[in-house]
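First comes the structure, then the notes that go with it.
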2 protein chains.
Amino acid sequence: MKTESTRRAEPRGLASRELPLNQILAGDCIEVMNSLPESSVDLIFADPPYNLQLKGDLHRPDNSKVDAVDDHWDQFTGFAAYDQFTREWLAAARRILKPNGAIWVIGSYHNIFRVGASLQDAGYWILNDVIWRKSNPMPNFRGKRLTNAHETMIWASKSENSKYTFNYEALKSLNEGIQMRSDWVLPICTGGERLKDDKGDKAHPTQKPESLLHRILIGSTNPGDVVLDLFFGTGTTGAVAKMLGRDFIGIEREEAYREIATKRLERVRRLDAGALATTTGKRAEPRVPFGQVVERGMLRPGEELYSLDSRHKAKVRADGSLIGNDVKGSIHQVGAALQRAPSCNGWTYWHFRREGRMVPIDTLRQQIRAEMQAEDTPRPN
Amino acid sequence: MKTESTRRAEPRGLASRELPLNQILAGDCIEVMNSLPESSVDLIFADPPYNLQLKGDLHRPDNSKVDAVDDHWDQFTGFAAYDQFTREWLAAARRILKPNGAIWVIGSYHNIFRVGASLQDAGYWILNDVIWRKSNPMPNFRGKRLTNAHETMIWASKSENSKYTFNYEALKSLNEGIQMRSDWVLPICTGGERLKDDKGDKAHPTQKPESLLHRILIGSTNPGDVVLDLFFGTGTTGAVAKMLGRDFIGIEREEAYREIATKRLERVRRLDAGALATTTGKRAEPRVPFGQVVERGMLRPGEELYSLDSRHKAKVRADGSLIGNDVKGSIHQVGAALQRAPSCNGWTYWHFRREGRMVPIDTLRQQIRAEMQAEDTPRPN
DNA sequence: ACCTAAAGTGAATCTACAG
DNA sequence: CCTGTAGATTCACTTTAGG
């Protein structure tokens, strides 16, 4: 396995240097991939059409119409056509993956079983299936099925013996000391993050949240890695990759999406090296992980936190750890070190500035807890 | 869709009466299923071998053993054998399912994608994929992957137009009044529920928790339904089915498991009817034509009805239709037309005035329903 | 400006039955 | 098979409107 310290063991070949880095390539993803050199990218992310096969309109109980995914790119004549499409892009993708490369694919029950089986047949080796549990899904309006509250992602290496990248400690750190599980609770993409067109409508019907890609890229790539997105859309993968200091290549067929993504990417700023460094040591601790505050964008990597008396400050890092005065670690550890105290509750010690005021980060934890309580009701039967 | 009130609409055929109810049948599940009459069971639950790593034993439908192979080139052989086994039991299961029957299959990423694709290919219609999120999973000891903290279930009807059973209100009630989502947080089977053998070791490696089957059977069967478990194991499905007043059939190849399950089932007691009753929605109520309200003199022809905000009004006619603003038709049609909405539930939209208050006409329907129930209930004289 | 109420919205395979 | 109609059905969150 490649780890944080050994990731440079695999030298970039000549072919890799010729890659069209940090660009959006126009065209069909299979054709474009076939024009790229083999064994040249570290990670592929694919959010292919789901083949939803929707029939009539759907109305909410208040009679408003649900804005469905009826785009032409989601139309297939049947399972056979969809399977062939899937097999072809999976094969092309595997060719350009480095031997130790990996792939992430996201889908729903409409397509994910077919994609998963084709992926296994193509020689990929599944590492985990990961559930994106949506904290705020669209309900089932007709009361005819369960609320479709999740999507499924498959994480697979190029082959069974690939030394894939897995930043175990960074993910554990994002989860405040507890192993990251295969189910990730994250909100869908709404609000200011959701891109709008000229008319104020959503620019893309299926824009993914940056928090999802943040966790994927932190966990399965290193800074400087090349991340390829086969169905780039509005460029969420590119935006997060750029922010996190990874190189990206996007492939997108629709010009409208390419234009939106290009503008979006111009606004993204790369984090500095300090914010990008991730924890390699060990830690442990309790309930709501501070990493979720970062993943959810409540605090930005690179943002500064202050003690209430402003005597100490520290910088937020991408994996949910802090760095202040050369001390790295959890919000608790850094707070304790700077005070030369044996311990410190980072949640109440650290504050961020909003509109001139100092706000304790514990308010952000309370927000997350409120959401978790709403979405998470374990019941022993 | 079958609801609580209509589930008896589908008569049991002669064949159904010949089913070996509440028994554990010995043998290979495909052969046993082929000996059962077609279109005879309401629900099938299947917890098939997960094909873990293809390293353990895998048997073909003819009971011959597949040689486990680690060689890369032989992987396809492994998948092919597993796929054939899957297709055969799925086909046999579909034959004995009633037209409105459904199936649940549980698996992990090792097999669930292949099972799901085969299931779609066989003509089943996926209703939901459901995530069993384990509240207490085994951690990943080597730190090389994410903690595998969930399993995936697929819920599918026999065909696209099956009127499958879905007890929406009962599940909503289980979830404290909020509609049930596709992710279920439940603990794994441990403690006193976990069956032990003579030596005190776990009797079965993958015993499922009763809470899981409880939710499945409450949500997708009615009392008296026939539930078939193809890989019965220690009989969790049978135990929960018996407790919930469903009939079960179990198929199990291993004698040791059949013995354990038999003992287990003897200890299970069937709940009484009062405990079995579940919440039902309006769909289960008998239909009442608005004309009956007029016939019974609860509203007079010529009387005016109003929307709650009094923006629209309409006049009752002798035949139980309405006329408002030159639009004539049913209470639903006139309500929809006046609001320019695609549809409208006239029962809740229209109100009449009594003693200065606005009363929804649905209260009149409820009165009629109450009288109908009183008539149906024989009174001891 | 600030608080509250109302409206809007999200990858959705979303009805049952009489005639 | 088809068509037409009765009539049942929503959660979490954001944005906008109104006071």
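Model, not experiment: these values are computed from the prediction. In what follows, every chain begins at residue 1, and chains take the letters A, B, ... in the order their sequences are listed.
Near-neighbour residues of DNA chain C inside residues 122-132 of chain B, defined by a heavy atom below 4.0 Å, number-ordered: B:Trp125, B:Ile126.
By the 30° and 60° cut-offs, the orientation of the rings of B:Phe113 relative to A:Phe113 is tilted.
Side-chain nitrogen and oxygen atoms of B:Lys163 include none within less than 4.0 Å of the OP1 or OP2 phosphate oxygen of C:dT15. Taking side-chain N and O atoms only, B:Asn345 has a distance below 4.0 Å to OP1 or OP2 of D:dA8. For A:Lys144 and D:dA8, the shortest distance from a side-chain N or O to OP1 or OP2 is not below 4.0 Å. Dashed line: the shortest gap from a side-chain N or O of B:Arg283 to OP1 or OP2 of C:dC17 is not under 4.0 Å. Remark: A:Arg145 is not in phosphate contact with D:dT9, judged by side-chain N or O atoms under 4.0 Å from OP1 or OP2. Contact between the side-chain N/O atoms of B:Tyr168 and the OP1/OP2 oxygens of C:dT15 is not found at any separation under 4.0 Å. In terms of phosphate contacts, B:His332 brings no side-chain nitrogen or oxygen within less than 4.0 Å of OP1 or OP2 of D:dA6.
Within 3.5 Å, no donor on the side chain of A:Thr190 pairs with an acceptor on the base of D:dA12, nor the reverse. Donor-acceptor pairing under 3.5 Å, judged by distance alone, is present between the side chain of A:Arg60 and the base of C:dG10. At a cut-off of 3.5 angstrom, counting only N and O atoms as typed in the model, there is no donor on one side facing an acceptor on the other between the side-chain of A:Lys55 and the base of C:dA12.
Rounding to whole angstrom units, CZ of residue B:Arg365 and C1' of D:dG7 are separated by 7 Å.
Within 4.0 Å (heavy atoms only), B:Glu160 reaches no atom of the nucleic acid at all. When heavy atoms are screened at a 4.0 angstrom cut-off, A:Ser108 is found touching no nucleic acid atom at all. Heavy atoms of B:Ser343 sit under 4.0 angstrom from at least one base atom. Among the protein residues, A:Asn140 comes within range of the nucleic acid bases, having at least one heavy atom under 4.0 Å from a base atom. Among the atoms of the strands shown, base atoms are found under 4.0 Å from some heavy atom of A:Gln53. If you check every strand for non-hydrogen atoms under 4.0 Å, B:Gly346 touches nothing.
Cation-pi geometry between B:Arg215 and B:Trp184 is met: under 6.0 angstrom from the ring centre, within 45 degrees of the axis.
With salt bridges taken as basic N to acidic carboxylate O contacts below 4.0 Å, one links B:Arg296 and B:Glu371. Under a 4.0 Å N-O distance rule, the pair A:Arg114/B:Asp121 qualifies as a salt bridge. Salt bridge annotation for A:Arg258-A:Glu252: absent, with no cationic side-chain nitrogen under 4.0 angstrom from a carboxylate oxygen.
Proximity of a side-chain donor or acceptor of A:Asp74 to a complementary backbone N or O of A:Asp71 within less than 3.5 Å is not detected. Judged by distance alone, the side chain of A:Lys208 and the main-chain N or O of A:Thr206 form a donor-acceptor pair under 3.5 Å. Between the side chain of A:Tyr82 and the main chain of A:Pro49, a donor-acceptor pair closer than 3.5 Å is present. A donor-acceptor distance shorter than 3.5 angstrom exists from the side chain of A:Gln207 to the backbone of A:Glu193, with no hydrogens or angles considered.
Between A:Asn148 and A:Lys202, the residue anchored closer to the 5' end of DNA chain C is A:Lys202, taking for each the nucleotide with the nearest heavy atom. Mapped onto DNA chain C by nearest heavy atom, A:Asp47 and B:Arg287 fall at different nucleotides, with A:Asp47 at the one closer to the 5' end. Of the two residues contacting DNA chain D, namely A:Asn63 and A:Gly191, the nearest-nucleotide position lying further toward the 5' end is that of A:Asn63.
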(message) Let me check I have this right: for DNA chain D, each base becomes ., (, ), [, ] or |, based on Watson-Crick or G-U pairs with both distances under 3.5 Å. What is the full string?
(response) .|||||....|||||||||
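Going from the P atom of C:dG10 to that of D:dA8 covers 28 Å, rounded to whole Å. Comparing C:dG8 with D:dT10, their C1' atoms are spaced 13 Å from each other, to the whole Å. Of the P atoms belonging to C:dG19 and D:dG7, the separation is 13 Å, rounded to the nearest Å.
Side-chain rings of B:Trp155 and B:Tyr164 approach one another, their centers coming within less than 6.0 Å. Aromatic ring centres of A:Phe232 and A:Tyr257 lie farther apart than the 6.0 Å criterion allows.
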